Amino acid sequence: MQKGLIPMNDFQRFQDKSREAASLVNESETALVVAHIDADGISAAAIASAALERAGKSHDVVFVKKMDDEAVELINSSSAELVWVVDLGSGYVSRFKHPSVLISDHHVPEKDEHGSPVQVDNVLHVNPNLYHLDGGQEISGAGVTYMVAREMDPANMDLSYLAVVGAAGDFQDSSTGRFMGCNRAILQDAEAMGLVQVDEDLRLFGRETRPLVQFLQFASDTPLPGLSNNNTGCHRFLDDLGVDLKRQGRWRCWNDLDEDERERVRQAIAHLLSSQGLDPGVLFGETYTLPTQPRGSELRDAKEFATLLNSCGRYDDAPIGLRICLGDAQAVREARDNRSEHKKQLSMALSMVRDNNMIKERGWVQFFHAGGEVRETIVGITAGMLLGSNGVRRDIPMIAFAHTDDGEVKVSARADRSLVDRGLDLSAAMRVASELVGGYGGGHNIAAGATIPLGKEEEFLDIVEDIVSAQLI
Ligand SMILES: [Mn+2]
């Protein structure tokens, strides 16, 4: 693996730890894989499962929404020789009592009362944050799991593309328009195997499956003047550039265009943005194509692949996502049905919050309470999509509440990267504030979550505001 821009000492120690973990897996006869339900967690589970299968280890895979008491109990009472926890678990090291636990995760590690990472004998903890590597942007849960799998057997390098999908699912390429650090090294493995193709292109969502008009109309976080949410505008724009929307009766997608057409569109979009004083840079960067997957399939684009996996997880069908990662074509058809359901739920959630003016501003945060109207599994993505959309502020974090099936309140917090650059850490804010009201939480500096008792929302917001204001001053 090439070192790229990673400080070699840190990376070496991280790799040594991955090798130690690989030996532990190779020495164990049976395993239970416990994974998070999002795209990164599902990709991580697929990597672990394939590596175990190839090594001849009998194993089960279980998906959990969060590391709650039930999940901890599942791990502690497992009869498997090894419990391999992927894409979660780092914040809960001291709670694991099973004799042999392996964690391959990129979330913020649990700290002891002196502020040092918790270390216990029964848990082997592989986590980039322990080596000054950035778990938020440089490597995902699937990436860390891949590091272990690769050390188990170099033949597992053919799983590298799943680590790319996992990192795309966690938006690790978003702020710079390309993968950095350890992700870069993993990407090089995938490229070398011919499993991922890297191009410089327009980074809008749906390159493989969205008809051109929808591709321009709906795809962007950055509003495209005259195109975003403007169907007629998109038609006219493409018409003026001489780009046919259909060919042989079929709607064309971005990847159906020839290079000449793509370049015309790219230049026109760059021109459109700069003429309005906007920076076109954010829309351009690397795209990641999986050339061994069929044309026109969402599996051919890393971002679309990840979105499909996310839709599985959100509708309690993470095992379908696992089957997709492991190459089951029937599972892809089942997941597509989930995805259309997901889109419908999401657009309903967005219009509900907007149409009812549910977002309330406070000094340091804004929030909405969806009650039981929005599924707890999509309330976070709803918050993220609202942030900075028309009429919604981007300069303060968005906090979203929803009731869970167990009579608690699920909290999701999202922020713009510029706030993180100024010192915002939503992971700390969610953890501390939730614990003070009798709940628990954590996550990343830019996106975090918590679960709190019903009726504690107001008190929780007061504490979050105190923390956020202190972080940003
Ligand atoms: Mn993750």
Side-chain angles (χ1 to χ4, degrees), residues 14 18 21 33-49 61-68 71 84-93 102-110 125-131 133-149 159-175 179-183 186-187 288 302-303 305-314 318 321-322 324-325 377-378 380-381 384 412-415 417 420 425-427 430-431 441-450:
F14 179 43
S18 308
V33 176
V34 178
H36 191 219
I37 55 160
D38 69 0
D40 185 27
I42 294 170
S43 311
I47 293 169
S49 177
V61 179
V62 175
F63 289 97
V64 298
K65 274 188 206 165
K66 57 191 177 205
M67 194 50 76
D68 54 10
W84 187 353
V85 186
V86 300
D87 190 37
L88 77 178
S90 283
Y92 304 86
V93 174
L102 165 60
I103 300 172
S104 49
D105 187 15
H106 65 133
H107 291 91
V108 178
E110 182 187 4
H125 189 191
V126 189
N127 186 311
N129 299 294
L130 300 173
Y131 308 99
L133 304 167
D134 177 3
Q137 285 190 85
E138 282 184 34
I139 188 165
S140 68
V144 182
T145 306
Y146 170 72
M147 295 281 292
V148 177
L159 303 172
S160 50
Y161 75 95
L162 290 171
V164 174
V165 170
D170 272 3
F171 295 93
Q172 297 200 316
D173 55 338
S174 296
S175 67
F179 286 121
M180 314 289 283
C182 303
N183 280 329
I186 294 169
L187 189 60
Y288 306 105
K303 195 66 92 185
F305 194 143
T307 302
L308 184 67
L309 295 181
N310 270 326
S311 75
C312 295
R314 289 203 187 85
L322 177 66
I324 292 173
C325 292
T377 45
I378 64 162
I381 191 162
S412 290
R414 297 288 183 275
R417 177 145 311 268
V420 172
D425 179 0
L426 288 175
S427 171
M430 288 297 109
R431 182 172 43 78
H444 301 291
N445 50 21
I446 195 165

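FYI, the numbering just counts along the sequence from 1. Worth saying up front: this structure is predicted, and the values here are computed from it rather than measured. Just so you know, ligand 1 is whichever comes first in the structure, and atom 1 is the first atom listed for that ligand.
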Within the stated cut-off of 2.8 Å, is an N/O/S atom of [X] closer than that to the Mn ion (ligand 1)?
X: His106; value: yes
X: Asp105; value: no
X: Asp38; value: no

Please state whether the rings of Tyr161 and Phe305 are parallel, tilted or perpendicular, taking 30° and 60° as the class boundaries.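 Ring orientation, 0 to 90° scale: tilted.
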
Atom CD1 of Ile446 and atom OG of Ser427: how far apart are they, to the nearest 0.5 Å?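 Interatomic distance, Ile446 CD1 to Ser427 OG, rounded to 0.5 Å: 12.5 Å.
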
Nearest to the Mn ion (ligand 1), which N, O or S atom of Asp87 do we find?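 This turns out to be OD1.
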
What does the angle at the Mn ion (ligand 1) come to, between atom OD2 of Asp170 and atom OD2 of Asp40, rounded to 10°?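 About 80° at the Mn ion (ligand 1).
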
So, applying side chain to side chain contact (heavy atoms under 4.5 Å, CB included) with Val126, which one of Leu102, Asp105, Ile103 is it?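 Filter result, single survivor: Leu102.
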
So do the side chains of Ile139 and Leu133 get within less than 4.5 Å of each other, counting heavy atoms only?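 The answer is no; the side chains never approach within 4.5 Å.
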
For His106 and Asp40, does a side-chain donor sit closer than 3.5 Å to a side-chain acceptor?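 Note: His106 and Asp40 side chains meet the donor-acceptor criterion.
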
